[in-house]
Colleague: 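Here it is, the structure in full.
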There are 2 protein chains.
Amino acid sequence: LRPLGRISVAAALAWIDAATGAIETEEVALADAVNRVLAADLRVQQPIPAVDRAAIDGYALDATASLGAGNYNPISVAAVAVEVGEMLPEGADAVIALDLADPGDDGSGVVVVEPVAAGSGVARAAAVAEAGDVLAPTGTLLSARHVGLLAMAGIASVTVIRRPRVRFVIAAARHAAAPIDGNGPMLHALITRDGATVITASLGDAFGAGCDLVLIAGGTGRGRSDRSAKLLAAAGSLDIHGVALIPGETAGFGHTAGGTPALLLPGTPAACLFTYELFAGRAIRRLGRRDPRLPYCSRLAITARKIVSAIGMTEICPVRRTPDGMIEALPPFAEAGLMPAAIGDGFVVVPASSEGFPAGSQVYAYFYDWGEDRAEIIP
Amino acid sequence: LRPLGRISVAAALAWIDAATGAIETEEVALADAVNRVLAADLRVQQPIPAVDRAAIDGYALDATASLGAGNYNPISVAAVAVEVGEMLPEGADAVIALDLADPGDDGSGVVVVEPVAAGSGVARAAAVAEAGDVLAPTGTLLSARHVGLLAMAGIASVTVIRRPRVRFVIAAARHAAAPIDGNGPMLHALITRDGATVITASLGDAFGAGCDLVLIAGGTGRGRSDRSAKLLAAAGSLDIHGVALIPGETAGFGHTAGGTPALLLPGTPAACLFTYELFAGRAIRRLGRRDPRLPYCSRLAITARKIVSAIGMTEICPVRRTPDGMIEALPPFAEAGLMPAAIGDGFVVVPASSEGFPAGSQVYAYFYDWGEDRAEIIP
């Protein structure tokens, strides 16, 4: 049996980038727009606000009428009660807060004891945006913040990239050591995180049309029950089988007969996780026009102890933060499975050309979360 | 009309913390466990792996039988083909990779041309975890990484904190300037992000039992159509009305007659967003035993230009990153609504005691995302 090919991680990433093109767009209501990717610049149709409006609850008045007012010179001014967001009445150019003015006796005005500046308490027409302003450019991942703004602009629906459709197969009974399947729920959560929809299938139904990516977990080796690579080769093409990556050596890449990219992820859980993160997740994020980079935070960090790795293979080495802000290696994935991914804070990627890093090295680490950079508000 | 009370943001946060207690737990299947919070330590019941298993596809053999093997001394060794995850057969203590051994002629062994080390290619019993090891402690926010590990441990369901139930009301027709409601979809997305379920209700149905938190957006001022504060006071208690926060002055805090905390968020979109983030989101995260801190990344940053703020009020000042890695102020939320939240990268919180910061100050900034800290893998 020939050894598996071992193409470099860089070549595998280039394959992914070449295999993932644009998919079509769709229109969604604003309520469904959060976490979707804009397919066109969103521009303001008319100024926001369209006209001068009250910025506070209070009394709308002509500011010049309040000139000279003071504690020893209260002035009675014609005014109209207004609420936040209401248009200013004709002739008014300022709003004084409810609690800074006394209603006059006849209900038609207020008594003020200080001059009111023109424009105070007013949301000026076009103060938020002028017609033609870009509210959000193509490619924006819409957040809750954007939705409120779009509603103010009167935008009820937006054109976004359709969610990529991933046909997802757990190759049967692959990892004998796992009493129950963990790859299924793990990958399901990751595919969803990356903005795609999951179409669950069996190996026999894996390679038809109707999806943007085929993802098969397990059966990627060359043991007697391994069928994933053979089936992909028969159903289309197996372009790459074997990557110089630990964990993840038996990953495979190809196309269905219809030209849909198909990725084979090893069934060993840690290899499954990291080949998803490096390759499949990137493919899905690219299809959906999201940021293709890993959804982790990368930072320079100092190694508290040495990190060792085999030369010739790119190795993902799990690390945790030390109390003094450095990183230290955890047992490698090949020995400890997903344990160091679950109890660790992130990982370091040791290039194929390197045997690792001595203690005290400054290296890039990828962290799963913000850690202590997620801070309390200090009011 | 008396001015609204203006309690400090610190006092409002303390109220939130005092008002949010523990809620009960529930059991969920592993497939539904991602993004849930563990309610008890998860411990390993039996070692992982439980027995010695193959770590690679290959041939299981007794390593001592290969002693002395070399290119000029090929040795035929009794061996059994095994796949990743299978138990080692009796007497075997190593696995040689498929492509490093030639099957013998009679199928009962292989020919090796180098000695095999005992334990190589083997996942030793308990190498991942010993019985009693903690796989994940109480309070862990379960990720896709954990799920794969729990499956390896044979754990099919986990005890998690029940999702908080939020009764959510958009107080009718509040913000006259918004042509369509943006607060509803905005808050819906944020409540979901923070792990709660949304029960949509009207103001009339807001204050009954059956939820962990009541959240009302809009109608918090004291204009003629503002009813939220009056209704909460009548239905239970209005403990606080008015916070020294810009944007967000008219926020309110109280309890229903049944003792459920009830929060009133201003309807003006930027104030609605930030009173959610500071107060309501914190309440929901605490109820669900998540990290109560803001889900943003806080970092020291240098101000490229001055940031000004009124003394006496805590002010949230929108900022964006400059190309040279500093931050600069965007137009304030009071003038520009949600625009600076949508186009900006984050914000600075200016304490009530401060008038702001001169250019060149080092201040804590909160960023919505990782920005350029989200990096490519360098293989």
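All of these numbers come straight from a predicted model, not from anything done at the bench. Lettering follows sequence order; numbering is per chain, from 1.
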Colleague: Measure Val82(B) against the heavy atoms of chain A and call it side chain, backbone, both or neither at under 4.5 Å.
Modeller: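 For Val82(B), backbone heavy atoms alone lie under 4.5 Å from chain A.
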Colleague: Answer with side chain, backbone, both or neither: which region of Tyr59(A) has an atom nearer than 4.5 Å to a non-hydrogen atom of chain B?
Modeller: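 For Tyr59(A), neither part sits under 4.5 Å from chain B.
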Colleague: For Ala31(A), which atoms come within 4.5 Å of any heavy atom of chain B: side chain, backbone, both, or neither?
Modeller: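 For Ala31(A), backbone and side chain are both near chain B.
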Colleague: Looking only at heavy atoms, which two atoms of Leu338(B) and Arg145(A) are closest? And how far apart?
Modeller: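 Minimum heavy-atom separation between Leu338(B) and Arg145(A): CD1-O, 3.9 Å.
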Colleague: Just verifying a value: how many Å separate Arg222(A) CZ and Ile56(B) CD1, rounded to the nearest 0.5 Å?
Modeller: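 With rounding to 0.5 Å, CZ (Arg222(A)) is 12.0 Å from CD1 (Ile56(B)).
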Colleague: Please state whether the side chain, the backbone, both or neither of Val122(A) comes within less than 4.5 Å of a heavy atom of chain B.
Modeller: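 Interface part for Val122(A): neither.
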Colleague: Tell me, out of His146(A), His188(A), Arg299(A), who's got the most heavy-atom pairs with chain B below 4.5 Å.
Modeller: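 Highest number of heavy-atom pairs under 4.5 Å: Arg299(A).
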Colleague: Would Val34(B) and Met186(A) count as a side chain to side chain contact (heavy atoms under 4.5 Å, CB included) if you check the C-alpha gap in whole Å, the side-chain angles of each, and the deciding distance to 0.1 Å?
Modeller: CA-CA 8 Å; Val34(B) 173; Met186(A) 180 173 79; over 6 Å; no
Colleague: Tell me, side chain or backbone of Ile155(B) under 4.5 Å from chain A's heavy atoms, or both, or neither?
Modeller: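 The answer is the backbone of Ile155(B).
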Colleague: For chain B, which of Asp369(A), Val147(A), Leu149(A) has the most heavy-atom pairs under 4.5 Å?
Modeller: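 Highest number of pairs under 4.5 Å: Leu149(A).
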Colleague: Tell me, for Asp291(A) versus chain B, whether the close heavy atoms (under 4.5 Å) come from the side chain, the backbone, both or neither.
Modeller: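 Interface part for Asp291(A): both.
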Colleague: Among Pro295(A), Ala12(A), Ala10(A), Cys272(A), who wins on heavy-atom pairs under 4.5 Å with chain B?
Modeller: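 Top option by heavy-atom pairs under 4.5 Å: Pro295(A).
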Colleague: Closest heavy-atom contact between Trp370(B) and Tyr368(A)?
Modeller: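 Trp370(B) and Tyr368(A) have their closest heavy atoms at CH2-O, 4.2 Å.
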Colleague: Using a cut-off of under 4.5 Å on heavy-atom pairs, state which of Leu187(A), Ile343(A), Ile316(A), Val9(A) scores highest against chain B.
Modeller: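 Highest number of heavy-atom pairs under 4.5 Å: Val9(A).
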Colleague: Under 4.5 Å from any heavy atom of chain B, what part of Ala123(A) do you find: side chain, backbone, both or neither?
Modeller: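 The answer is neither part of Ala123(A).
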Colleague: With a 4.5 angstrom heavy-atom cut-off, could you sort out which part of Arg282(A) is near chain B: side chain, backbone, both or neither?
Modeller: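 Just its side chain gets close to chain B.
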Colleague: Looking only at non-hydrogen atoms, find the nearest pair between Ala144(A) and Ala189(B) and report the distance.
Modeller: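 In terms of heavy atoms, the two residues are closest at CB-CB, 4.2 Å.
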Colleague: Between Cys297(B), Gly337(B), Ala336(B), Ala127(B), which shows the greatest number of heavy-atom pairs under 4.5 Å with chain A?
Modeller: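 The candidate making the most pairs under 4.5 Å is Cys297(B).
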Colleague: Is Thr314(A) close to chain B through its backbone or its side chain, or both, or neither, when contacts mean heavy atoms under 4.5 Å?
Modeller: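 Side chain only.
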Colleague: List the atom of Gly221(A), the atom of Asp57(B), and the distance in Å for their closest heavy-atom pair.
Modeller: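 Reported closest heavy-atom pair: CA-OD2, 3.5 Å.
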Colleague: Quick one: what part of Leu135(B) sits under 4.5 Å from any heavy atom of chain A, side chain, backbone, both or neither?
Modeller: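 The answer is both parts of Leu135(B).
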Colleague: With only heavy atoms counted, which part of Ala55(A) is less than 4.5 Å from chain B, the side chain, the backbone, both or neither?
Modeller: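 Neither part.
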